[in-house]
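Below is one structure; the comments refer to it alone.
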Amino acid sequence: MQATLSPVHFSPAPAPAVAAEPFFPPQLLARLDKNGPRYTSYPTADRYHSGFGEEDYRVALRKRRAVSPVEPLSLYVHIPFCDSVCYYCACNKVVTRHHDRAARYLDALTREITMHVEELGAGVPVSQLHFGGGTPTFLSDAELARLMQDLRAGFRFSADAEISIEVDPRTATPERLAHLRRLGFNRLSFGVQDFDERVQKAVHRVQSFEDVRALMQSARSLGYESVNMDLIYGLPLQTTESFARTIKQVVALRPDRIALYAYAHLPERFKPQRRIHEADLPNRETRVGLLSAAIDGFLQQGYTYIGMDHFALNTDALAIAKQRGELHRNFQGYSTQPDRDLVALGVSAIGRIGNTYSQNAKVLDTYYAAIESGHFAVERGLCLSSDDLVRREVIMDIMCQGRVDFAAVEARHGLRFGDYFSRELLQMANLAELGLVNLRAGQVQVTGLGWYFVRAVAMAFDGYLGSASSGASYSRII
C-alpha cells in the first residue's frame, strides 16, 4: 500500500530554447546517458520467470476473492492484430489483413473472461478498462460490441469508470468514434508519433494532420471526457525543426493529455526495427534537442509536465493530481486511479493480482492452446518478496510523488530506512550534488530538475539492476 503523503508541488523551471540547452547541462547528460526501466511495475517485467504459472495465478485470484472481493478491479484487454507494421513498434502484434482471424481470438477472450469470473465471482466492480494492442480498432463494430457485452456480463462497471481505447487514426472514422462512444468508451488515445511526412514514410506510418484534426473534432462533439495523443522522439529523420512543427500542430489540436515516448532502437529484439536505417536516427545531441523542443512547446501552451513521458493540460485531472501529490502509476503509465489489481486478458497481457505479477503467453498458438483447453495462459510471473514490496513502495513514491518519507516506510515495513538503504542513500548524495534531489531529515525530495530525470533517481533503489548484464533491454533515459 502506498504511503499517505502530504501534497507536493513541483515547479520545474521552463525549458530553455533548443539552441541554449542550459536546462540539460552536458556534464549531467554525460552522467545519465544510459538505459533504464520505465517502472510501470516493480519488479520490471524482465524479472518475471517461468517458475510462476497457472496454479500460482489461480491461488492469487482465490486469495483476492477471499480477502477483498468487492475492491474495484482494473481490466486490460490486448488486441494484437494490425493491418500493417510500423517499423518502430516493440509491441506484441500480429500483422495481417485477414480480419476473419479475429473470430477465434474473440472466442478465446470470451472463455478467458468466463474463467476469471468463475474464480473471482460474478459482478466484481471495475473502475478502469483499457483496450491496447496491436490495434484494438482492427475489430469490427460488431466484434467490439460483442466484447464489451461479454465484459459487462462478467463484471460490474462503476458509473464513473474510465473506459479507454487506443485508436489508429489511419483507419478510424467519425462513425467509428460514435460507435465506440455508444459502447461506453469515454477516453481515446490517438497514435500520432510524428506529423512530418518524411518521418512517417521512414517508419511506415503515414497519416495526415487533417485526418487527425477531423477525428479530434468528432471526439469533442461526441463528448469524450479525455483525448490523448502518443508521440515518439528519436525516430529516423527527425530534426529539431521538423519536430517543433509537429509539436505546434499537436498543441493546436489541444489534446487533454500527451504521451511523449523515447524511441528505443533494439533491432536484435524487435524484427520490424531492422527496416530502420541506423544512420537516419538522431544522435544524442539531436535527441536532447527534440525533447527540449517538446517540453518547451508544451509548457508554453498550458500543459503540465507530469513526469517521465506524460503531459496534461493544466485543467486536466492528471495535472491536478500531480499538484496535490496524488499521482499513481500502472502498466499504462501515470494515472489518477490507485494501482489496483489488474486482470489482463489476451495474448502477452500483463496483470497484477495482490502481490503477484503475471504475463500470458506471447505466442498466439500457445495462448489458444491453453485457453481452449480450459487453462489460464499464464506463461511467467512473479510473487513479490518482502524486499520487492518495500522497494516498489519507495520507487513508486519517487515516480509519482517525487518524495520518499523515511518514517512512513519504516512504520509500514518494520525497518530502519538508513540501515536498509545505506548504499542507496550514498547514491542519493551523489544525485544531490548533480541537483536532482534534496536530502532532508528523514526524506528524499526530487527537485524540479530531477523530475526530468526521475528514472535515474528511482533506479538507485532497484534491487535487480546490479545483477543485470547490460541494461540494454531498456530505453534510454534521455
Side-chain angles (χ1 to χ4, degrees), residues 1-2 40-41 45 48 51-79 105-132 136 144-165 183-185 328 330-332 335 337-361 366-384 389 392:
M1 188 174 181
Q2 288 291 320
T40 52
S41 73
Y48 306 168
F52 183 102
E54 180 192 15
E55 188 54 37
D56 300 289
Y57 186 61
R58 287 189 183 273
V59 168
L61 291 175
R62 292 166 185 169
K63 182 177 180 181
R64 186 192 197 279
R65 183 173 185 171
V67 175
S68 53
V70 297
E71 283 295 312
L73 277 172
S74 292
L75 299 178
Y76 172 74
V77 182
H78 189 78
I79 309 298
Y105 193 73
L106 283 171
D107 288 342
L109 286 175
T110 298
R111 179 60 184 143
E112 193 176 10
I113 292 167
T114 300
M115 291 163 59
H116 278 92
V117 173
E118 289 171 351
E119 291 288 1
L120 293 170
V124 175
V126 169
S127 63
Q128 194 173 41
L129 166 66
H130 183 75
F131 279 30
L144 285 165
R146 170 193 163 180
L147 183 51
M148 286 300 297
Q149 183 178 22
D150 288 344
L151 290 166
R152 291 186 184 279
F155 302 95
R156 176 172 55 84
F157 286 76
S158 60
D160 60 347
E162 294 182 359
I163 305 178
S164 61
I165 186 169
L183 293 180
F185 288 95
H328 299 277
N330 57 32
F331 287 109
Q332 276 71 57
S335 172
Q337 294 213 11
D339 185 16
R340 305 186 187 281
D341 282 349
L342 170 67
V343 166
L345 305 167
V347 64
S348 78
I350 299 177
R352 168 193 163 184
I353 300 294
N355 292 333
T356 71
Y357 292 117
S358 59
Q359 183 172 25
N360 281 348
T366 307
Y367 169 76
Y368 285 147
I371 298 297
E372 291 172 358
S373 61
H375 295 281
F376 285 110
V378 173
E379 192 169 69
R380 64 188 191 126
L382 188 69
C383 289
L384 276 68
L389 291 171
R392 180 173 72 177

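In this text the structure is predicted, and so the values were computed from the model without any measurement. Throughout, residue positions are numbered sequentially from 1 according to the sequence presented. Below, each value reflects all heavy atoms present in this structure, side chains not excepted, and no hydrogens, waters or symmetry copies.
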Partners meeting side chain to side chain donor-acceptor pair (under 3.5 Å) with Asn330 (sequence neighbours left out): none
Can you tell me how far apart OG1 (Thr110) and CD (Gln149) are? Round to the nearest 0.5 Å. 9.5 Å
Closest non-hydrogen atom pair between Ala45 and Arg380, with its separation: O-NH1, 3.0 Å
Got a list of side-chain donor-acceptor pairs under 3.5 Å for residues 337-349, not counting sequence neighbours?
from   : atom 1 : to     : atom 2 : distance (Å)
Gln337 : OE1    : Ser127 : OG     : 2.8
Gln337 : NE2    : Ser127 : O      : 3.0
Asp339 : OD1    : Arg352 : NH1    : 3.4
Asp339 : OD2    : Arg352 : NH1    : 2.5
Arg340 : NE     : Ser127 : OG     : 3.0
Asp341 : OD1    : Gly354 : N      : 3.0
Asp341 : OD2    : Arg64  : NE     : 2.7

What's the shortest heavy-atom distance between Ala60 and Ile353, and which atoms? O-CG2, 3.5 Å
Taken to the nearest 0.5 Å, the spacing of Phe185 CZ from Leu144 CG works out to 6.0 Å
Does a donor on one side chain and an acceptor on the other come within less than 3.5 Å for His130 and Ser164? yes
Asp150: partners by salt bridge (charged side-chain N to carboxylate O under 4.0 Å, His left out), with sequence neighbours left out: Arg146
Under a 4.5 Å cut-off applied to non-hydrogen side-chain atoms, are Glu372 and Asp107 in contact? no
With a 4.5 Å heavy-atom cut-off, do Tyr105 and Leu147 have their side chains touching? no
So which atom in Pro136 and which in Phe131 form the shortest heavy-atom distance, rounded to 0.1 Å? CG-O, 3.6 Å
Value for OG (Ser68) from CG (Leu120), rounded to nearest 0.5 Å, stands at 9.5 Å
Please find the pair of heavy atoms, one from Tyr367 and one from Ala377, that lie closest to each other, and give the distance. CD1-CB, 3.6 Å
Let's go through Tyr357 and Phe52 carefully: what are the C-alpha distance in whole Å and the side-chain angles of both, what is the deciding distance for ring-ring contact (aromatic ring centres under 6.0 Å, His included) to 0.1 Å, and is it a yes or a no? CA-CA 9 Å; Tyr357 292 117; Phe52 183 102; 9.5 Å; no
Centroid separation Tyr57 to His116 less than 6.0 Å: yes
Any chance you could measure Arg392, atom CZ, to Asn355, atom CG, to the nearest 0.5 Å? 6.0 Å
List the atom of Ala161, the atom of Val126, and the distance in Å for their closest heavy-atom pair. CB-O, 3.8 Å
Considering all heavy atoms, the nearest Phe376-Met115 contact: N-CE, 3.2 Å
Got a second to check how far Phe155's CZ is from Leu73's CG, nearest 0.5 Å? 6.5 Å
Chi angles and distances behind the side-chain contact (heavy atoms from CB on, under 4.5 Å) call for Glu379, Gln359: CA-CA 6 Å; Glu379 192 169 69; Gln359 183 172 25; over 6 Å; no
Is it the case that the side chain of Arg111 and the backbone of Ser373 share a donor-acceptor pair, with hydrogens and angles ignored and the cut-off at 3.5 Å? no
Trace of the side-chain contact (heavy atoms from CB on, under 4.5 Å) decision for Leu75 with Phe157: CA-CA 10 Å; Leu75 299 178; Phe157 286 76; 4.1 Å; yes
Test item: Thr40 and Ile350 side chains (from C-beta on) under 4.5 Å apart, heavy atoms: no
State the OG1-CG distance between Thr356 and Asp56, to the nearest 0.5 angstrom. 8.5 Å
Is any side-chain heavy atom of Glu55 closer than 4.5 Å to a side-chain heavy atom of Arg58? yes
Hey, does Val77 have a side-chain heavy atom less than 4.5 Å from the side chain of Leu151? yes
